[in-house]
Structures are given as C-alpha cells and as structure tokens.
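First the structure, in the form of structure tokens, and then the observations on it.
Treat the numbers as computed from the prediction; the structure is a model and nothing was measured. By convention in this document, chain letters (A, B, ...) are assigned in the order of the sequence lines, proteins followed by strands, and residues within each chain are numbered from 1.
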There are 2 protein chains.
Amino acid sequence: MSWQEQLVEAGYRLTRPRRIVMEILNNARAPLVPSAVFKRAQCDGHSLGLVSVYRTLALLLELDLVTLVHFSEGCHAYVLASPGHHHHIICSGCEEVIEFSGAEDLDALTARVQQETGFHIDDHLLQFYGLCPACQQAVAKKIS
Amino acid sequence: MSWQEQLVEAGYRLTRPRRIVMEILNNARAPLVPSAVFKRAQCDGHSLGLVSVYRTLALLLELDLVTLVHFSEGCHAYVLASPGHHHHIICSGCEEVIEFSGAEDLDALTARVQQETGFHIDDHLLQFYGLCPACQQAVAKKIS
DNA sequence: TTCCTAATTGAAAAAGATTATCAATAAGGA
DNA sequence: TCCTTATTGATAATCTTTTTCAATTAGGAA
Ligand SMILES: [Zn+2]
Ligand SMILES: [Zn+2]
Ligand SMILES: [Zn+2]
Ligand SMILES: [Zn+2]
C-alpha cells in the first residue's frame, strides 16, 4: 500500500503540503529537522508554511510513514551516570530509570551490521522502554 | 575518584551551583530536563540561575558524570520509514542514514534484562553511529 | 588570614523551536 | 459544479536554548 493510500485509508486527505513534505523526505539522504524541511521546500520554490511542516511530520509519524532518528545532542533529559558503559530502561509509567550493562550482547549484531553495510560502527544508542514492577502492579490493580 | 575530584582533575572549580545540580540529580529518580533541575533547585530554596543549569549539565556531560536519556518525543530529525521494524545507522561524517533490521538479535538481551530487573519491556531504541564507506575513504585520504 | 586573579555565575536580552488561534483555502464527494 | 469540512498558513503566544557582560567567588599566593 502506497503512502497516499495509507493516508486516505486513515481518513486523511491527500494535500499539496503533504505531497511536498513526502517528496522532500524521499529525496533526502540525511534525517531532516522540521526547519530543514521547510527551508528545502522554499529552495524548491514551493509555498509551504512552517506550521504545516510540523503538523505534517506529526501526522506522518502517527501513521508510521516516518521515523524519528535520535542524535546524541538534542534530547535533554539527564540522569546520573555510573562509571562504565551502560544502557537504560525507562518506565513509561513513572519515568524511573534503571541502568543495565550488556555491551557484549550487541557485539554480534554490531559485527553483522558492519559487514552488511560497510559502515565502521563506533558508537551506539540502546534503550529499553517498559513498565517497572511497581507500575505493573498498579496496572494490574486497576484492571481487577 | 569522586565527581568532585574529577571536576578538579579536569581543571574546573568546585562551585556551589555545580554542587546543587549534582545533589539534585543524585536525589532524582527520573531523568530531569534542565528546566526541571531549575525548578527543583528553587523548591529546595537554592538560588541558582537557569543558565547555570544549562552550563553545568553541559559540563557534567562532557566529563561523563551524567548521561542523556532519549525519549521518543523531543528529538526531531525525521527520516522516511520503511514498513516493518528497523533500526538505523547514522554516519557521523555526512549524516547519511541507513536502515537495518535485526529485532531478533535483541531478543536474548531483552529477555535477560527483563529477568534481572523485573521490568516488562515493550519497546526499545537502538541506533548505531559510525562512518559510511564514503566517509571512511575521505578520512583515509586526508591522513595519507 | 587576606588579597588577587581568573573562572564562574546570573540577569537580561536575543535567537530558535514549538504550539495555539482562526479566518481563508481547497480536497473530495454529491 | 457546488458544498461541506478538513486543512492550510499567517500571526501571535510559549517555551527552550544561547549570547553577552558586569558582578561574584573559588582557590592559590602572599
Ligand atoms: Zn514505573
Ligand atoms: Zn551500549
Ligand atoms: Zn558518511
Ligand atoms: Zn528494534
């Protein structure tokens, strides 16, 4: 199913601004922040409001037609760091964060991806999201 | 080595604002955005400028005394999504992004972490960073 | 302890990013 | 073609982050 069909399927209209944004993302090699999409539209001679860019991206994200890419900077919630390499699990209920180590577990995957893509991988970002034991209980109580 | 010693070691002074921020992060259960650190300082009756919070967090990050936690929202660089579950490698040189699949490879790790922590994991964020083949060559040429 | 100097702070302002509002527009069906 | 309603875009309002610069203060020297 094409993205146009998915849009319509979900009850949205196929509009000019949405076409423009999709076209720009489609031609982009690197991930684009909203302002970059806006600028590119201007360069291409398209008339497109910045607000529409925000709205369109939010919609496309909701429909899973685009994905977010996270850079190291720009996501500013901070936790204390223990020495050494760690990853985090974040509870969707209470935002509690727990560290865990497990770099080795990524080694196989890293090697495979390096081989397949030719990239030289030197860093990674791994986080799990879920419910902590307390929030699991809270949910269980609410249901029962 | 304590964080105080690390600071001094790196040539920085041990100041009141830095102590306050570290204390707040130390007592926090959830990750805190700068404005949250600021508010908490105010509640605790500390006098601390918002700008200093930003500066201090940046410094602590540089010294690896704090880590960033990424939420799904708030990191707004978008790429087109293919259907299905994917991860991304981002080239630090040219920002090119490539998708790869490999959800299965995380299954073992997910299971282990669930067991160890009691969390119920329902989502994850995995990204690799590195150099694409083209940028590797560019680097190689520069050196030679 | 006291003094000095340079690092650091904080207030204010500037710059940027995001969201809310609402009249004007245009997509898609009748 | 016409109508209805989703959608757009300009403006303004909010937030967030960065810059600037005079006032403060940490930490070493005297
Ligand atoms: Zn929880
Ligand atoms: Zn890791
Ligand atoms: Zn590259
Ligand atoms: Zn995944």
List for me each residue that meets side chain to side chain donor-acceptor pair (under 3.5 Å) alongside [X], sequence neighbours excluded, and say none if there are none.
{"X": "B:Ser47", "answer": "none"}
{"X": "B:Glu62", "answer": "B:Tyr12"}
{"X": "B:Gln4", "answer": "B:Ser2"}
{"X": "B:Gln115", "answer": "none"}

**Message:** So, does A:Arg18 get its side chain near the phosphate of D:dT8, meaning an N or O under 4.0 Å from OP1 or OP2?
**Reply:** yes
**Asked** Would one find a side-chain N or O of B:Ser52 under 4.0 angstrom from OP1 or OP2 of C:dT9?
**Response** no
Rounded distance in Å - [atom1] ([X]) to [atom2] ([N]):
{"X": "B:Gln4", "N": "D:dA26", "atom1": "CD", "atom2": "P", "answer": "15 Å"}
{"X": "B:Leu57", "N": "D:dT16", "atom1": "CG", "atom2": "P", "answer": "14 Å"}
{"X": "A:Phe38", "N": "D:dT8", "atom1": "CZ", "atom2": "P", "answer": "14 Å"}
{"X": "B:Leu50", "N": "C:dA13", "atom1": "CG", "atom2": "C1'", "answer": "14 Å"}
{"X": "B:Glu62", "N": "C:dT8", "atom1": "CD", "atom2": "P", "answer": "11 Å"}
{"X": "A:Tyr54", "N": "C:dT21", "atom1": "OH", "atom2": "C1'", "answer": "17 Å"}
{"X": "B:Glu5", "N": "D:dG27", "atom1": "CD", "atom2": "P", "answer": "13 Å"}

**Request:** Kindly check if the number of other-residue, nucleotide or ligand heavy atoms within 6.0 Å of CD (A:Gln137) is above 12?
**Result:** no
**Prompt:** What one-letter contact string describes nucleotides 24-30 of chain C from 5' to 3', where B marks a base within less than 4.0 Å of any protein heavy atom, S marks contact via sugar-phosphate atoms alone, and - marks no contact?
**Reply:** ---BS--
**Asked** What nucleotide, of D:dT8, C:dT9, C:dA12, holds the atom closest to the side chain of B:Pro17?
**Response** C:dT9
Residues that [X] engages under side chain to side chain contact (heavy atoms under 4.5 Å, CB included), provided they are two or more places apart:
{"X": "A:Val8", "result": "none"}
{"X": "B:Arg19", "result": "B:Trp3, B:Leu14"}
{"X": "B:Ala36", "result": "B:Leu32, B:Val33"}

**Request:** State, to the nearest 10°, the angle formed by the axis through the first five base pairs of the helix from C:dT1-D:dA30 to C:dA30-D:dT1 and the axis through its last five.
**Result:** 30°
**Residue list, salt bridge (charged side-chain N to carboxylate O under 4.0 Å, His left out) with A:Glu23, at least two apart or on another chain** = none
**Request:** Would you please name every residue forming a salt bridge (charged side-chain N to carboxylate O under 4.0 Å, His left out) with B:Arg112, sequence neighbours left out?
**Result:** A:Asp105, B:Glu116
**Asked** B:Ile20 and B:Leu61: same hydrophobic cluster, using ILVMFWY side-chain contacts below 4.5 Å?
**Response** yes
**Message:** Counting only heavy atoms and a strict 4.0 angstrom limit, can you tell me which residues of residues 39-49 of chain A come near DNA chain D?
**Reply:** A:Ser47, A:Leu48, A:Gly49
